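Some notes on the structure that comes next.
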Amino acid sequence: MISATLPPTGADSFRGEAVSGPDSRLVQTAVIGSPNSGRAIILPTDADELLRWRRGHRASTYWCGTQLGGCGNELSDRLYRDKVCHFAHRPHTSCHRTATGASSADHLFIKDDLVAWTGRLGIKGRATSRDLGSGPGDAVDFRAGNGGQQHVRFQFSKLSHAEWTSTRDRLTGEATTLDWVFGPSTVQPETVEALCDEYGYLFRFRFETHGAARHIRLRAEDPRNSTEWVPLRACAMTPEGLRVPGAELRRRTSGSRPLDVAGVAAAPRSRDDQVRALRGALISAARFRTRPTWEVLCRTAGGDLLKVSSQDRVGLLLAVEQAGEEGTPLLSALLRTGAGEPPPYIREVVAAAGGGAPATAQVLKRWCQRETDRAFAVYGKPSRTAPARLALTTDGRIAAQTAEPATRRTIVHVEARASALEVTPLSEALRGARERQDGRLVVGLLEQAEDSIVTLPKPERTKLLREMRTARDWLNSGVTKRRRKRQAPANPAGKARAKKKGGTLRDARPLPGLEEKPKKRKS
């Protein structure tokens, strides 16, 4: 279990009422016993609660702890009835501690929770605070298992995606399992995408205040939903790493060989198993609207695919496409290099799958972007109508699009207005809804148009934009007419008579001070 020895408490601490001299620092957290102590406290902000705390801790001394990034000087607990109670430095103390709020000691409180957790599980572990450049509480590393081979990092400070990627690559080589748990506002969108693409979710934590301490709660999040916040004691440490209740378990990989549930290297897989795993991983990437590299894809599909050559990748990906129905998006188009470009071998997959042979890298990039949009539309949640595939000429160029391609049709669902689905271009559907004075349907069609307009060829996009402007003008004119109707007088004839007589206030008495001044008589 984690070893934790509480520091000895000193003599009776000096009280805030006896301290003279101002201290403008509003310090809410401290450590108990000594400057280097790791035993944290958050001072009760209510006067009665602080009095009860004092009665139970008469021998405690409070310090601006070095593990809090503090100066190491002693603090007093200041009791107030008319404002928030807080800690204060002695007069003329020099302190440059930047984090003094209720959350500034969370990296120490988490160690207490880890002590209780590992004791309940009966495992050995060690927790270490990390200073990554902004303070001693930037991160907390928890290591368990033989030689600390299972690693959980609790991230307290904000981390860029590049920093996370490089650090993760380094830590992955040092451990059999690695879990990253992010605090509020610490993770970048690119990191979220990478983790959700690999595991289906990412771990989050937050702290809740209970008396003079704070305790951690965790949950798993994905783009669609999240699990409930649970205390650390509800979580488990398995051979595959940290487990949070309600999170769907996914097989992880370590190195180049896949692991089974017990953490033992699994037997080599057949080609059919590899194809199924690749297809499932690509569909998952499309569902979360991400474009993985081959290396990231292999973390989900299996580490044994990392050693597959580029030529063998073509064969595997072609088998993935052949497993789908005719006309479905080319899932291989989701793959990208670290620079965001389609891998060169995707050209062979496109040609072999019947999409044509892109002549240049630019044509390949544009073609793959269209297929990516199609995959996001088909496999995303909720799904939507996919744009048409880009056609290529015999010399590998993008074929010119007609003004209204016959295959580019959008399904419009008209509830309680038709017995069957109407299939019509969006521009025509918008015009028809406007002519029928159906404002609700116009609003819905405008939302569909905004989602799909970027995928349309220029002629159809121009036509749709024109109809969207007309539809918005029609909606706005209806709102203006209703406003004018509400503001119209109840008796138009009376209004006309009032204008004829010179206004409704003609015979009203003026406000005080605004009376018409009498004209001066000439002497």
Side-chain angles (χ1 to χ4, degrees), residues 1-10 13 15-16 25-70 74-80 84-88 97 99-121 125-130 135-142 152 154-157 181 183-184 204-219 229-235:
M1 294 186 296
I2 298 178
S3 58
T5 304
L6 297 181
T9 56
S13 63
R15 299 303 180 186
R25 294 177 289 271
L26 183 63
V27 182
Q28 292 183 267
T29 58
V31 295
I32 300 176
S34 69
N36 299 322
S37 169
R39 183 184 176 191
I41 172 182
I42 174 172
L43 192 72
T45 57
D46 180 75
D48 293 333
E49 291 181 2
L50 178 54
L51 285 173
R52 285 193 293 271
W53 173 266
R54 284 180 174 180
R55 287 193 293 269
H57 302 80
R58 297 183 182 277
S60 297
T61 56
Y62 309 114
W63 303 80
C64 188
T66 56
Q67 294 192 55
L68 298 174
E74 194 169 4
L75 300 172
S76 64
D77 54 339
R78 307 298 293 267
L79 187 148
Y80 298 97
V84 173
C85 302
H86 60 85
F87 288 114
R97 177 179 166 188
T100 59
S103 62
S104 59
D106 286 350
H107 62 289
L108 299 182
F109 286 126
I110 192 178
K111 293 183 180 181
D112 297 334
D113 284 344
L114 288 169
V115 169
W117 183 53
T118 52
R120 185 178 291 106
L121 295 178
R126 176 172 52 90
T128 308
S129 299
R130 300 294 183 192
D138 286 340
V140 171
D141 284 328
F142 171 72
V152 182
F154 297 89
Q155 189 68 41
F156 287 82
S157 62
V181 194
R204 293 272 199 176
F205 73 80
R206 72 180 186 189
F207 279 82
E208 295 180 356
T209 303
H210 299 274
R214 283 164 62 81
H215 297 284
I216 193 172
R217 286 184 172 268
L218 294 83
R219 77 175 181 184
W229 289 105
V230 297
L232 185 59
R233 63 176 179 272
C235 302

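Along the sequence shown, residues carry numbers from 1. Just so it is clear, the structure is predicted and the values come from calculations on it, not from any experiment.
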CH2 (Trp53) and CG (Leu79) are apart, to the nearest 0.5 Å, by 14.5 Å
All heavy atoms of Pro231 vs all of Arg217, minimum pair found to be CD-NH1, 3.4 Å
Rounded to the nearest 0.5 angstrom, the OG1-CG distance for Thr118 and Asp113 is 10.5 Å
In Thr100, Leu75, Val27, the residue satisfying side chain to side chain contact (heavy atoms under 4.5 Å, CB included) with Cys64 is Leu75
>> If we ignore hydrogens and angles and just use 3.5 Å, is the side chain of Thr45 paired with the main-chain N or O of Val84 as donor and acceptor?
In response: no
When every non-hydrogen atom of Gly38 is compared with those of Leu108, the smallest separation belongs to O-CB, 3.9 Å
So, for Tyr62 and Phe87, is the gap between ring centers shorter than 6.0 Å? yes
Report task. Kindly say whether Arg120 contributes a backbone atom to a donor-acceptor pair with the side chain of Arg233 at under 3.5 angstrom? Result -> no
#### Entry: Backbone N/O of Cys235 and side chain of Trp117: donor-acceptor pair under 3.5 Å
yes
All heavy atoms of Ala40 vs all of Ala105, minimum pair found to be CB-CB, 3.8 Å
Between the CD atom in Glu208 and the NE2 atom in His215, the distance rounded to the nearest 0.5 Å is 10.0 Å
* Determine, using ring centers only, whether His107 and Phe154 are less than 6.0 Å apart. => no
Between the CG atom in Leu232 and the CG atom in Asp112, the distance rounded to the nearest 0.5 Å is 11.5 Å
Checklist entry - Got Phe156 and Val140 here, is their nearest side-chain heavy-atom distance under 4.5 Å? => result yes
Those residues at least two apart in sequence (or on a different chain) that pass side chain to side chain contact (heavy atoms under 4.5 Å, CB included) with Asp138 are Asp131, Leu132, Ser134, Ser157
#### Entry: Flag side-chain contact, heavy atom, 4.5 Å: His86 against Arg78
yes
Margin query: Classify the ring geometry of Phe207 against Phe205: parallel below 30°, tilted from 30° to 60°, perpendicular beyond 60°.
Written below: perpendicular
- Message: Is there a side-chain contact between Pro44 and Arg52 in this structure, where contact means two heavy atoms from C-beta onward sitting under 4.5 Å apart?
- Response: no
- Query: Within the distance-only criterion (no hydrogens, no angle test), does the side chain of Ser37 pair as donor or acceptor with the backbone N or O of Ser34 below 3.5 angstrom?
  - Reply: no
Check your understanding: Are the side chains of Asp77 and Arg54 in touch, meaning some heavy atoms are under 4.5 Å apart?
Key -> yes
Are side-chain heavy atoms of Leu68 and Trp63 found at a separation under 4.5 Å? no
TODO: Report yes if some heavy atom in the side chain of Phe142 is under 4.5 Å from a heavy atom in the side chain of Ile110; otherwise report no.
DONE: no
By side chain to side chain contact (heavy atoms under 4.5 Å, CB included), Asp141 pairs with (sequence neighbours left out) Arg130, His151, Arg153
With a 4.5 Å limit on heavy-atom distance, are the side chains of Ser103 and Arg214 in contact? yes
*asked:* So does Leu43 get a backbone contact from the side chain of Gln28, meaning a donor-acceptor N/O pair under 3.5 Å?
replied: no
**Asked** If we only count heavy atoms from C-beta on, is the Lys111 to Ser129 side-chain gap below 4.5 Å?
**Response** yes
